[in-house]
Each structure stands twice: as C-alpha cells, then as structure tokens.
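Any value given below was found using the heavy atoms of this structure, including those in side chains, with hydrogens, waters and symmetry copies removed. Chain naming here is simple, since letters A, B, ... match the order of the sequence lines and numbering starts at 1 in each.
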Protein chains: 2
Amino acid sequence: MLKAERKRFILNEVRIHNRVLLTDIAETLNVSVDTIRRDITELHKERMLKKVHGGAISLGFDNIHIGRGDIYALELKTKIAQKGISLLKMGQVILLSGGTTNMEFARLIPVELQITCFTPSLPVANQLMTKPNIDLIFIGGKMAKSSQIAIGGDAINMLSDIRVDMCFLGTNSIDSKHGLTEFDWEIVQLKKAMVKASKKVVCPVISEKLHSDQRYKVCDIDQVDILLTELDPMDARLDSFRDKNIQII
Amino acid sequence: MLKAERKRFILNEVRIHNRVLLTDIAETLNVSVDTIRRDITELHKERMLKKVHGGAISLGFDNIHIGRGDIYALELKTKIAQKGISLLKMGQVILLSGGTTNMEFARLIPVELQITCFTPSLPVANQLMTKPNIDLIFIGGKMAKSSQIAIGGDAINMLSDIRVDMCFLGTNSIDSKHGLTEFDWEIVQLKKAMVKASKKVVCPVISEKLHSDQRYKVCDIDQVDILLTELDPMDARLDSFRDKNIQII
DNA sequence: AAAATTATTGCACAAAACTGCATGTAGTTG
DNA sequence: CAACTACATGCAGTTTTGTGCAATAATTTT
C-alpha cells in the first residue's frame, strides 16, 4: 500500500463520514497507528483536513474544498503571507492578484478584520468567500484556465474604474534592474492595470524568485512600495533592492 | 519493448487499478526498475499520472473537491440538468445563473463539448474551470455571500454588453400568472439583466417550485422560452403553463 | 556506408523517504 | 489525581530515489 494511496483513502473517509479515528484507519489498512498519524499530520499541514486528538475531521467548508495539496514551499509562503497580514488595517480596500502566496494570504486574513477585497483570482475568491466580514468584489472577465484568473478587456476595464489602498501583487520574477516581469502577455496586461489601480503596491515573493526575469515587463522596480520575502529584511540577498525607495519587510 | 508501449501500458494500469507499483511493472515488463521510474517521471511531467514514492497513482480530483454533499433533491436536479444538456449545441454561447440545479448542469456538461459560458456564480465557475473545452467568462461584481453570485452595478453593466444564445435561469419561484419571482431585490436586478442579455431563456426548475411566488418579479412568464422540470412534459401539474408559447420539456 | 550524434537502458552507490518500535510527554476521562 | 490513551520524537532497518557512468541501440549527418 502506497503512502499516497493511504492519504487518498483517509481523505475519502473524511469526506464521507466527516471524521475518522486513527485506530480505525490503521486497522482497516493494516499499518501501524504511527504511520497513519504521520499521514494525517501531513494532510493537516497540506490543509486537506483537520487533525484532532484521536483522529481527523473535515475542514467543513460549505461546498468547496480548497485543497492545496502540492503548494511549492508552503512554509515560506505562509511566512510571507503573515508579514502581509500585518500591513492590513480595518476598513481598508485592497486588491489581490492570484498565486499561491496570495491564496495563503487570503486564508490567513483574520475573520474579524473588516476590509474590502478586489480580486480577479477564482481560488482567492473562493477562499475569501468563507470570511463573513470581508466585502468581496470579483474582477470578472475571461478566465485563464492555467492561472485561474480573469484576464482580458473586461477585467482591465473593471480595474480602470477603481483605486484601492493597497495591492498585493504576486509576480513570476523580480529583479532590481528589470523590475517585475512575467511570462504571459495577457497576465502582464492585467497586472499593469492592477498597479495602476492601486495607491501602494506590495510585492510578496519568495527569495527564490529574486534576481530572475522573464520576457514581459509589468512595471519598474520603483513602482513597488513594499517588498515582502521570507528572508530577514537585512539579508544580503536583498541588498540590490535597497536605496530604491522600497520598504523591505 | 518500446518506450511508448511501456508508457501506454503503465497508463492503462493506472486507469484500471488507480495505482501502480514500480516494482510490479518492472517485473511484468521485464525491464529494470530504473527504466520504469524514468517512464513514470516523464508521464508525471506530462501530467498523465501522479508520481509518488514507490509508484504512481491516477490524477483524480485531489486539489479541488467540489462538494455536492447535501444538495436538496439532487436526483431530480440531475434529471433536469440532463434535459438541459440536450439543448446544448457545439459552439453556442450560454449564460448560467447560480443555484444547485445549474451546478449540476455545469457538472454534467460533456468534456468534449466546446461552448462559451458566462456566469456570475462562483460555484458554477469553479465547476466549469475543470472543463478544458469551455471558454468561461466570469461576470464580475460584488459577491453576495449567501448565494455566491456576483451582484450589483458591475455585474449588470457587464451583462448589458453581451447577448448570448441561451440563458439557463434558475429561479426561486415560478407561477403562470406572476411569472418568475425572487426574494432578494439585488438578485432580481441581476436576473433582469440576464434575461435581457439572452435570446432564449431556459428555466430549469423542480416541480416543487411551480405555482409559488415571492415579493419581487424578475420577468413575465411569456419571456421564458423553455421550461425544464423533472416531470413528464404531459404532467397535469404543468397544465397552467401550456398555451403560453412556452416549450415544456 | 561510415561516422557522429542522440536516445535509451541498466547498474552502482550515496542520499532520502518510509515505517514500525521504543521512550518519554501531553492530553483526556472518570 | 490516577489511569489511560494519544502524542511527539528519535532510532534503525528497509525500500525507494536521484545521479553519474558506461554500454548499446536508433537516428542523423557526412
């Protein structure tokens, strides 16, 4: 029995019965309780279920499981997202791009925080729908299958009518010389509109993406107000971004 | 044994058993485990299966699970949705409202069918995102928490610019005298715009909702072109809808 | 046809992952 | 608080992986 198989089995059980017992699963699958415990711990970290004393229960969203089984470098992204959360103030209006970091960000927004969010990202919207205190406005348009965000004229149009306090703009690549760059032309157009629609641009990005660049440019580095990475703000890898009027957090 | 042959064999095994073990395949095909490992690595990159420690498993719908756990009268709605599917033609442009019947409808759209869908409903959009052949345009706007659809000026604006072949308009209540009615004023505004944006209005509704009405009116009954219920078209409960220029299916 | 290039395959070996067990700690229940 | 169950952690044995290398097969170029 493969590990992945067990995990899938557990998830299915949770989906059906809404809860599982460690011992039950262990017996059913003929492996030690420790193994199941470890599986469940992983699934918990992957946010596929909730680990509780003695077993696990489903996350219990209304009708959509926002599973993020294989987010790359989830830990780092959580760290970045948390730094981002600390920037939020009650009553603010923000704009969120797509990407897994922003997903994590959306997930971590405290339930009691009352803010208005705009987003063209379907997964982010799903996430935000679970927060009763957030006013959510979806930027509509043609949905790009790969990135699950709305693109094209409609989206850009809608963005042209708004001006938000702060934009959390995920990016494919960032470099102190070439600025923010992307691989996909359509997405560049959208992100340009997002930058235009925001008073402040916050750029959450894992250190790995620093000093890399792609074909098309979204904006210059000096348009970014705040740079969020998982690194210590004093880290040497951030040196080239200093003295650019960017706040590094 | 050709590489392609092996790969096909592996895929078939995965399709049938939902999983394969590296060692099993290697033994069956009489090649080294390394070779199979490489094959599976490639198939993984090609997104034909998921490589896991010890073997591979089918892709399944791990990431996003769109729950239909407790849809009221799901059987009936499935029946209605299927009738709706039969109205679809390749290349059409349709508009889908929210509601569980339309969710079911979206789920049942055949993967090979190539159509363009507009919708202001987040769950419907999620569902449609899983279909590669569907062009999806999300009608953006302020998201209503309870119904999970976009409402307000933005949504209505966006609708005012389109004219689709057919609209599948779920409704709260329908009556031969009072037409389509709703409980929520905002949603009425949206649905009015949806009716306006469509050449044909199809109204999928379970028989239970026939002959009931609510506070606010969406449109008159003669604006509905096709009425879809789970009943036999000749059923007596549909009598009052006859001779209204409505096609009953 | 010969030579050169590229792709495929098996093997070796160190690194990583997996799993059960033992141990001490934390949480739960009566 | 005492008995009990569940938990985290470290360890060891086993299996699986990734990678470099060499031999062979297939393809292209000359």
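With rounding to whole Å, L2(B) atom CG is found 14 Å from dT27(D) atom C1'. Rounded to an integer number of Å, the gap from D34(A) CG to dT5(D) P is 16 Å. Per the geometry, CD belonging to E5(B) stands 15 Å off C1' belonging to dT8(C), to the nearest Å. Rounding to whole angstrom units, NZ of residue K45(B) and C1' of dG18(D) are separated by 11 Å. Following rounding to the nearest Å, H53(B) (NE2) and dT15(D) (C1') show an atom-to-atom distance of 6 Å. Distance CZ (R37(A)) to P (dA26(C)): 15 Å, rounded to an integer number of Å. One interatomic measurement links the two molecules: CD1 of I36(A) to P of dA6(D), which rounds to 14 Å at whole-angstrom precision. Counting to the nearest Å, the P atom of dT16(D) and the CZ atom of R19(B) are 12 Å from each other.
Taking the six-membered ring where tryptophan is involved, the planes of W185(A) and Y216(A) are perpendicular, since the angle between them exceeds 60° and thus also 30°.
Minimum heavy-atom separation, H44(A) to K51(A): ND1-N, 2.9 Å. The minimum heavy-atom distance between A155(A) and I139(A), with the atom names listed, is O-CG2, 3.6 Å. Nearest heavy-atom pair across I246(A) and V224(A) is CG1-O, 3.5 Å.
Taking a cutoff of 4.0 Å between a charged side-chain nitrogen and a carboxylate oxygen, E104(A) and R47(A) qualify as a salt bridge.
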Practice item. For side-chain hydrogen bond (donor to acceptor under 3.5 Å, both in side chains), just list the numbers for D213(A) and T181(A), CA-CA rounded to whole Å, side-chain angles, deciding distance to a tenth of an Å, and then say yes or no. Key: CA-CA 6 Å; D213(A) 59 314; T181(A) 49; 5.6 Å; no
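No more than 12 heavy atoms of other residues, nucleotides or ligands shown are found within 6.0 angstrom of CG on N245(A).
Comparing K3(B) and M1(A) by the nucleotide of DNA chain C whose heavy atom lies nearest to each, the residue mapping closer to the 5' end is K3(B). For the pair K51(A) and V52(B), nearest-nucleotide mapping onto DNA chain D gives the more 5' position to K51(A).
Axis angle, first five pairs versus last five pairs of the helix from dA1(C)-dT30(D) to dG30(C)-dC1(D): 50°, rounded to 10°.
Distances shown here put a side-chain N or O of S32(B) below 4.0 Å from the OP1 or OP2 atom of dG10(C).
Residue contacts shown for V33(A) are absent, as no nucleic acid heavy atom lies under 4.0 Å away.
Below the 3.5 angstrom threshold, one finds a donor paired with an acceptor across the side chain of R38(A) and the base of dG20(C).
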